[in-house]
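Working notes, beginning with the structure itself.
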Protein chains: 2
Amino acid sequence: MKTADPELMRAINRLSVLDTIRRHGPISRVEISERTELSTTTVSAITASLLDDGLILTRHEGDIRNAAARGRPRVMLEVNPDAARVVGAKIAASRMVFVVANFRGDVLSTLTLPIRIDRQPIAVIADLVEDGVRRCVVDAGLSLEDVDSVCLGIPGVIEHRTGHIRSSPIFREVNIDFAAEMSARLSTPTIIESDAHAITLGHHWFGKARELEDMVLVSLEQTLGLGVLHRNRLFRGAGGLSHNLGDLVLGIGPQGVMRLSSQAGESAILGEQQTDGRFAEAIRLGRGMTHVQALIQADDDRLITAAVRAGEAIGLTIANIVTLFAPPRVILVGSSLALGEPFLNSLRDAYALAIPPSLKGVSELVFDDSTDDFWAQGAAAVALYELYESPWSTTGPAL
Amino acid sequence: MKTADPELMRAINRLSVLDTIRRHGPISRVEISERTELSTTTVSAITASLLDDGLILTRHEGDIRNAAARGRPRVMLEVNPDAARVVGAKIAASRMVFVVANFRGDVLSTLTLPIRIDRQPIAVIADLVEDGVRRCVVDAGLSLEDVDSVCLGIPGVIEHRTGHIRSSPIFREVNIDFAAEMSARLSTPTIIESDAHAITLGHHWFGKARELEDMVLVSLEQTLGLGVLHRNRLFRGAGGLSHNLGDLVLGIGPQGVMRLSSQAGESAILGEQQTDGRFAEAIRLGRGMTHVQALIQADDDRLITAAVRAGEAIGLTIANIVTLFAPPRVILVGSSLALGEPFLNSLRDAYALAIPPSLKGVSELVFDDSTDDFWAQGAAAVALYELYESPWSTTGPAL
DNA sequence: TGAATTTAATTTGCCTGGCGTAAAAAATCC
DNA sequence: GGATTTTTTACGCCAGGCAAATTAAATTCA
């Protein structure tokens, strides 16, 4: 049972005001007061403190109300883009994407390194990540000292709280304290988060869940991940663990346990193909569904069969997740979406079949084929969220 | 984003203190101060207000410390058993169990009505429930006016927040506002909760999860339910919904979707038996595992086969739930446990097989064969929890 | 043009309700 | 009575809330 004190109270309300300003663009104090249900007195005090800390800016234009508004015009407040800078990254088996974002979450620069880092030793991967972060920061015309924190989105079972990677397909080792490693290398606070969690928060901040406070996201990449947004926050398991959907069991077959990853993981779908890897690459790039579909159609039916089977397995899994969490929306992301209609249709069909009648209609499925930049931007959002939450001004406006 | 004000602060700390007193028996103010990390000043003020409201009592004995303690002896505080009374109930298809509990959760009287209410019209069920509540209250030597609230634990998909029963195996209708119905009949505030949630809180208060703040419970009865305790609170889905594990899909078979309930539901296991129902009754009574096992052994293998299959399905499901929630403990309850070793062994084996290696050892399985009273007591705990949370004294000690 | 009107934002008291420290009061043992 | 420990009281500080007055920056109207 957490105990409450004035400081906590102040932190909560500060975050509430700052987040309201972030979400609702330039906004006047009156409107903040309405939205947060804080008194105008308090809003005035808090915004003064935020202005003092340089986290927000005033703007004397853009009052959206009736142009013929009488009375003193509202002063609009907005997040100060230059209050901080963070780096967000998506680390995947065949590429790394870096993004430098300002305090508002705007992307200042992007860097994609199409390198296969699969199962390299930690030191090699850490070298590449460090290099990518540094380069991307330089591309943005900044220096690493200008960066307040870094968040790395990594596939696998990530323990955000401790910064440990429990297990990840791109690491040979298990239980690595990667956050400490990278913090030391970059001499900048570095957060580790599951890639699925990162893009979940990304969708909450910038994407297809902006207006929702509860939501579930399923990521279909090399790893099958899950992100749960619960009351505007990432829901992390009891130990602050991320979820790994690929470990879910569908049943026991002749060869032992059949896990979802063996049905619907990227390698399960593509692995049977002994081709030159055109599919894999086209799909991983995540762009040009039509291109991939053309490839699929030109090929024999094996890939299609695999895609249909995968879609079915995932449709069932999503139905099960909806049964457990009953979110108003489920967002699907990831490279596997590029498999196109055969996959999506079987997914939708299996979902429709498997969703219990009593929950029919509570959840809508949304497919999202954002580029990798968006994942990295999501990681940046994770980093920013922690900055938003942090106290900043020691205590009180003082002076 | 919730907004904080002094009232909320006070409510949080009051609950924290009251809950500490409840959990740690007679306890002195100093110790409360240590446990809650509130200052002795604040603890003193809050306890004074609680004493003023009659929610706690002082006791000038029982200081456990060194008998030769010098200085002013600690005054022990404990929850006032008579500060309130609630009724908790477990409503099941073949019986109803009622419990009257005091403010501490002690059971004052118990009433079991072995009536099959399966699929009766609402009015009939409501009549029986009303009757049961009234009788149990009288048995406790009380009148309904002495009862502060009632909580009914019901199988199925229950929407606690609105008091609606979305769907339940014991009701023909769906979407019933049963809380309103019973509140009106009893003219006492009545809460509806999933039976699984009720016993989950019961275990947190009185049972096998007293020391945990995260935990998962799986109930195996006519309905397969799930309760998740997250940071000392029941985790209710996005809509305040309870979970219905029976709706989980295991796969798509020749006859369409295969749900967990068809493999492991009570009727799935027993339904094939064309016997006179001795099994069903023996199992439902939940007592005397050995008796049931004797019946099982005397019978042919069909029941055993069904039990093994059910255990397997549930073992897999639990592994999946652990994959999603990573709780330190999973408690299994419900009549199906009475199926005995064949069932439990196959459950354990399937779980061990299905749990992903990276999560091996994070969760321990605990089996609990409490009687129905305990379920009802859990429902009482749900009612009490809401009383504990409620403000009581309007605001401040005043006077 | 200038005064009245209107709405926004800030400031000023005065309330509650936390916190902490320090000191006083209380209750027991020696 | 002195020593010791618990509990309460007193005081000042920092949160937030309300209400009312004040200041600010427009628009409207005479």
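Per chain, numbering begins at 1; letters A, B, ... match sequence-line order. Note that this is a predicted model, so its numbers are computed, not measured.
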When rounded to whole Å, the CD1 to C1' distance for the pair B:Ile12 and D:dG16 reads 14 Å
side-chain contact (heavy atoms from CB on, under 4.5 Å) filter on B:Ser39, not counting sequence neighbours, yields B:Thr41, B:Thr42
Taking side-chain hydrogen bond (donor to acceptor under 3.5 Å, both in side chains) as the test, write out the residues that go with A:Thr190, two or more places apart.
none
For B:Arg35, enumerate each residue passing the side-chain hydrogen bond (donor to acceptor under 3.5 Å, both in side chains) test, keeping only those at least two apart in sequence or located in another chain.
B:His24, B:Glu31
Quick one: A:Arg29 CZ to D:dT23 C1', roughly how many Å, whole number?
14 Å
Would you call the rings of B:His243 and B:Phe235 parallel, tilted or perpendicular, where under 30° means parallel and over 60° means perpendicular?
parallel
Rounding to a whole Å, what distance do you find between B:Met76:CE and C:dA27:P?
17 Å
Just how far, in rounded Å, is C1' of C:dA8 from CD1 of A:Ile27?
14 Å
Residues at least two apart in sequence or cross-chain that pass side-chain hydrogen bond (donor to acceptor under 3.5 Å, both in side chains) with A:Arg104, listed by chain then number, are A:Asp106
Reading DNA chain C from 5' onward, which residue's closest nucleotide shows up sooner: B:Val43 or A:Ser28?
A:Ser28
Base, sugar-phosphate or nothing for A:Val75? Non-hydrogen atoms, less than 4.0 Å.
sugar-phosphate
Touch class at under 4.0 angstrom, heavy-atom based, for A:Ile32 against every strand present:
nothing
Proximity to the side chain of A:Ile46 - top-ranked nucleotide from C:dG18, D:dG16, C:dA9
D:dG16
Nearest-Å distance for atom pair CE/P, residues A:Met9 and D:dC13
18 Å
Whole-Å distance between C:dT16 C1' and B:Asn13 CG?
14 Å
Pairs: protein N or O with nucleotides 21-23 of chain C N or O, under 3.5 Å:
from, atom 1, to, atom 2, distance (Å)
C:dT21, O4, B:Thr41, OG1, 3.1

Show me the side-chain donor-acceptor pairs of residues 75-87 of chain A shorter than 3.5 Å, one per line, residues at least two apart or across chains.
from, atom 1, to, atom 2, distance (Å)
A:Glu78, OE1, A:Arg59, NH2, 3.0
A:Glu78, OE2, A:Arg59, NE, 3.2
A:Asn80, OD1, A:Asp82, N, 2.9
A:Asn80, ND2, A:Gly54, O, 2.8
A:Arg85, NH1, A:Asp146, O, 3.2
A:Arg85, NH2, A:Asp82, O, 3.2

Does B:Arg14 put a side-chain nitrogen or oxygen below 4.0 Å from OP1 or OP2 of C:dG17?
no
Apply the test salt bridge (charged side-chain N to carboxylate O under 4.0 Å, His left out) to residues A:Arg29 and A:Glu34: give CA-CA distance (whole Å), side-chain angles for both, the deciding distance (0.1 Å), then the verdict.
CA-CA 9 Å; A:Arg29 292 178 176 81; A:Glu34 285 163 11; over 6 Å; no
What's the closest nucleotide to the side chain of A:Leu38 if the choices are C:dT10, D:dG16, C:dA9?
D:dG16
Measure the distance from CD on A:Glu37 to P on D:dG16 and round it to the nearest whole Å.
16 Å
Please determine if a side-chain N or O atom of A:Arg10 lies less than 4.0 Å away from the OP1 or OP2 oxygen of D:dA15.
yes
